[in-house]
Structure formats: structure tokens, C-alpha cells
Amino acid sequence: MLEGIKVVDFTTYIPGPFATLRLAELGAKVIKVEAPDGDPARHNGNGSVYKAHNRGKKSITLNLKHEEGKRIAIGLLKQADAVIESFRPGVMEKLGLGYKEVSEINPKVVYCSITGYGKEGKMAALGSHDLNYMSLSGALAQLKDASGRPVHPRHTFADYIGGMAASERVLAGLVARGVSGKGSYHCLSLVDALASMMTNHVLIEKETGYSNGVEVLNGTVISYHLYETKDGRYISLGALEPKFWHSFCQALGREDWLSAHYSKPDPSNSVFIELTDLFKSKALSEWAAFGEKVDCCLAPVLEARELAEYPYFQEKDFVSREGFVKMHADLDHGEMSSPPERGEQTEAILKEWLGADDGQILAWKEQRVI
């Protein structure tokens with residue numbers, strides 16, 4: 001779908017690489033520009049964070065602090081359809097590679113900056129991580145244990161939602177360019193992207209005073225709840241609509257439970273106690289099979305390792321043997337190249353994009369430009 005689109009990627013860690021991975025899987029040619037030491041994600045643990053987000057791309061190493069390095073970067077940017085960067089606000093401008101400079105040499109470029117808090121305002125220059133964005137967005141306050149203490153998430157939601165928002169904005173910019181012929185600049189804030197997911201919660205609290213969004217979705221009724229199974233695993237029941245609750249009760253031969261559809265999950269509720277005991281009478285695999293057979297919104301709580309083997313994902317070949325997860329499971333994008341080694345395609349890119357010869361490349365190596 002994006003065949004022929006060239007993306008120059010100056011991002012590291014998760015949000016930007018996730019955004020460009022989504023574009024690469026749609027067919028874009030992504031050139032990952034790395035510092036001589038490479039994306040820091042390469043050095044986290046065994047490099048899994050890097051490998052998870054950078055397949056299908058080509059890597060070039062550039063010393064952007066060197067004048068020749070900046071000149072090479074400008075040569076790449078002249079040919080780019082889109083640029084994504086995730087430096088602190090102002091860094092690309094100091095390097096002479098900000099949108100203003102790039103748009104002068106490439107008026108049709110779609111330029112996206114991924115930031116924590118935007119480019120302006122008193123928090124713009126602050127460093128932060130996903131846990132901070134989760135906290136500030138209001139999202140973390142929705143993940144509390146029974147005592148009201150926020151639960152430390154095991155997923156970096158702002159990184160991924162922000163990365164998806166960035167890819168969305170780049171695609172919108174490319175569509176707009178197709179209409180107007182003009183490029184555009186976009187500044188994505190990770191905390192803003194995550195806070196946009198609070199739309200239900202903010203409005204509902206303003207209108208009703210209830211601070212946890214849609215109440216019926218919060219484990220407050222027995223038909224939309226998590227239950228423990230015989231083997232200590234968990235199953236999710238989401239039979240909110242009467243037809244699904246009816247199917248569930250009928251399949252179990254418990255039509256006497258129908259009137260308890262929206263009753264509370266507390267110890268005084270005899271149906272809840274019976275339902276809890278019932279789920280504990282069978283293993284997760286048995287309930288998963290039940291949920292596939294009976295249309296009642298019942299699904300297992302899977303661990304990461306189980307995705308590759310679960311029938312739904314197997315049908316889509318969703319997880320590769322190497323452990324790579326598809327971005328667009330409904331598209332046949334063919335085999336994507338493995339995550340590149342640091343600077344693996346530097347020489348090839350310099351020759352293809354800039355017409356450099358072996359002598360120039362050797363000189364740049366000696367000057368530690370590449």
C-alpha cells in the first residue's frame with residue numbers, strides 16, 4: 001500500500017520504531033538513521049526491544065554532530081516522503097535538520113516529531129518515561145487494586161499508543177499531500193495520545209461524578225467479569241447483552257441465572273458464588289473450548305508465550321517462528337527482512353540515495369562520519 005514511499009527514521013527505543021514498523025509492513029521503504037553507537041535499544045538486555053520493532057528496515061550510521069554527517073542527512077531528507085524523529089524538542093533544529101530547514105529543500109515532506117509533552121509549554125523540555133505518561137494521562141488511575149493503590153503496569157501503553165498515533169498522523173499527512181501537493185509538520189505528544197483514550201472517563205465524570213468511565217465495564221456485574229479457573233488461570237466473561245448471557249446460561253443448563261444478569265459480584269450474591277465455583281471446576285483450556293463453541297463472549301486470559309499457539313492467531317500466522325508479531329494481520333506483506341545490524345546498509349544507501357563512490361565512503365569512515 002505504501003510501495004514507493006520513503007521514510008527517514010531518526011527514532012530510538014519504542015514509540016518511533018513502532019510507528020515506522022507499522023509503515024514498513026504497509027510497504028514503505030524505511031531508512032533507520034542511527035548514531036555511531038546505534039539505537040540504545042540494541043543494548044537493552046539481549047537487544048529484544050530493538051529486534052521487536054525494526055524488521056523490514058535498513059540501517060545507516062551517521063554522526064550528526066559532524067558537518068559531513070549533517071550534509072549526508074540532508075541528502076537523504078531531500079528524497080524523503082516522510083521523516084519521523086524523537087529527539088528532545090529543539091535538537092533537530094540545533095542540528096539544522098528541523099522541519100523549517102527540511103521543508104525548504106523538500107516542500108512536500110511530511111515531518112513528524114514524537115515528544116513526551118509537545119514542543120511548547122513548561123513541561124516540553126522534561127524527560128519522562130511511559131510510567132510518567134501513564135500517570136499524567138489519567139490512565140494509570142484506572143488500574144487500581146482492591147485497596148485503591150495504582151497497579152504498576154507491565155506494558156508501556158503510552159509508547160505504543162503514541163507510536164500508533166504517529167503512524168496515523170504520517171499517513172494523514174501523506175493523504176493530504178496527495179490532495180494539496182504540500183507537505184506538513186506534526187508534533188505528537190505521547191501523554192496527549194494516551195490521554196485521548198480517556199474520552200469516556202472525562203465526560204462521564206463531568207456529567208455524573210463517577211470517575212471510572214463506563215461503570216458496567218468495570219467488573220461491577222457478574223456477566224462482565226474475570227473468573228479464576230481450576231488450574232489457577234483466568235477467563236474473561238463479557239456477556240453484557242442479554243442474548244450472550246442467555247446463550248451462556250442456556251449452554252450451562254442454568255436458566256435460573258437469567259434474572260441475575262446485571263447483579264453485583266459480591267459474597268451476598270448466591271449466583272456469583274455459584275458462578276465462581278463453576279469456573280473453578282474446569283481448567284482454562286476447557287473454558288476456552290466452551291467459549292469457541294458457545295457464542296457468549298468468553299475468552300481466556302492468555303500469556304505472551306501462548307499467542308503463537310492459540311488457534312485464532314495460528315490461522316493468521318500472527319507470530320513468526322522467530323517471535324515477531326505482525327502489525328497488520330489482514331495484509332499479505334510477504335517476508336520482511338530481519339532487523340538490520342547497526343549500519344548494515346550504510347554503504348548501499350549512500351551509493352543508491354546520494355550516488356557516493358567508494359572513495360567518498362572511505363573518506364567518511366576515516367573521518368568517523370559514518
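Nothing fancy with the numbering, it's 1 onward along the sequence.
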Give a yes or no on whether [X] and [Y] share a hydrophobic cluster (residues Ile, Leu, Val, Met, Phe, Trp, Tyr; joining criterion: side-chain heavy atoms under 4.5 Å apart).
X	Y	value
V102	L95	yes
L278	F244	no
M92	I114	no
V91	L64	yes
L194	L190	no

Audit row: K29, E3, salt bridge (Lys or Arg N to Asp or Glu O under 4.0 Å) steps and yes/no = CA-CA 7 Å; K29 178 182 288 187; E3 186 175 354; over 6 Å; no
Sub-6.0 Å ring centroid separation between Y160 and H155 = yes
message = Between Y227 and H225, is the ring centroid distance below 6.0 Å?
response =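 Between H225 and Y227, which both carry aromatic rings, the centre distance is below 6.0 Å.
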ask   = Between K6 and W353, is NZ or CZ placed under 6.0 angstrom from the six-membered ring centre and within 45° of the ring axis?
value =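 Yes, K6 lies over the aromatic ring of W353.
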query = What orientation do Y111 and Y99 show, parallel under 30°, tilted 30 to 60°, or perpendicular over 60°?
reply = perpendicular
request  = Evaluate the ring planes of W257 and W245, with Trp represented by its six-membered ring, and classify them as parallel (under 30°), tilted (30 to 60°) or perpendicular (over 60°).
outcome  =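 Taking W245 first and then W257, their aromatic rings lie parallel (interplane angle under 30°).
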query = What's the verdict on salt bridge (Lys or Arg N to Asp or Glu O under 4.0 Å) for K230 and E286, showing C-alpha distance, side-chain angles and the deciding distance?
reply = CA-CA 10 Å; K230 183 178 182 179; E286 296 176 274; 6.0 Å; no
inquiry  = Taking side chain to side chain contact (heavy atoms under 4.5 Å, CB included) as the definition, give me every residue that meets it alongside N132, ordered by chain and number, with sequence neighbours left out.
reply    =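 Side chain to side chain contact (heavy atoms under 4.5 Å, CB included) list for N132, sorted by chain: Y117, S128, H129.
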query = With distance as the sole criterion, is a donor-acceptor pair present between the side chains of S259 and H261 under 3.5 Å?
reply = no
inquiry  = Distance alone, cut at 3.5 Å: any donor-acceptor contact between the side chains of E34 and S59?
reply    = yes
ask   = If you measure from CG on D9 to CD1 on I60, what distance do you get to the nearest 0.5 Å?
value =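 If I round to the nearest 0.5 Å, the distance is 12.5 Å.
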task = Begin with the C-alpha distance, continue with both residues' side-chain angles, and end with the deciding distance and a verdict on side chain to side chain donor-acceptor pair (under 3.5 Å) for T156 and Y133.
result = CA-CA 9 Å; T156 55; Y133 306 137; over 6 Å; no
request  = Take K351 and D358, measure what salt bridge (Lys or Arg N to Asp or Glu O under 4.0 Å) needs, and give me the verdict at the end.
outcome  = CA-CA 9 Å; K351 290 179 179 180; D358 291 336; 2.9 Å; yes
request  = Give me the one residue out of R88, K100, K119 that meets salt bridge (charged side-chain N to carboxylate O under 4.0 Å, His left out) with E93.
outcome  =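 When salt bridge (charged side-chain N to carboxylate O under 4.0 Å, His left out) is applied between E93 and each of R88, K100, K119, only K119 qualifies.
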Heavy-atom pair of closest approach, residues A41 and V49 = CB-CG1, 4.0 Å
query = Should E322 and K51 count as an ion pair when the cut-off is N to O under 4.0 Å?
reply =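 Looking at K51 together with E322, the answer is no, because their closest N to O distance does not fall below 4.0 Å.
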task = Might you work through the salt bridge (Lys or Arg N to Asp or Glu O under 4.0 Å) test for D39 and K32, ending with a clear yes or no?
result = CA-CA 9 Å; D39 183 339; K32 183 176 180 68; 3.0 Å; yes
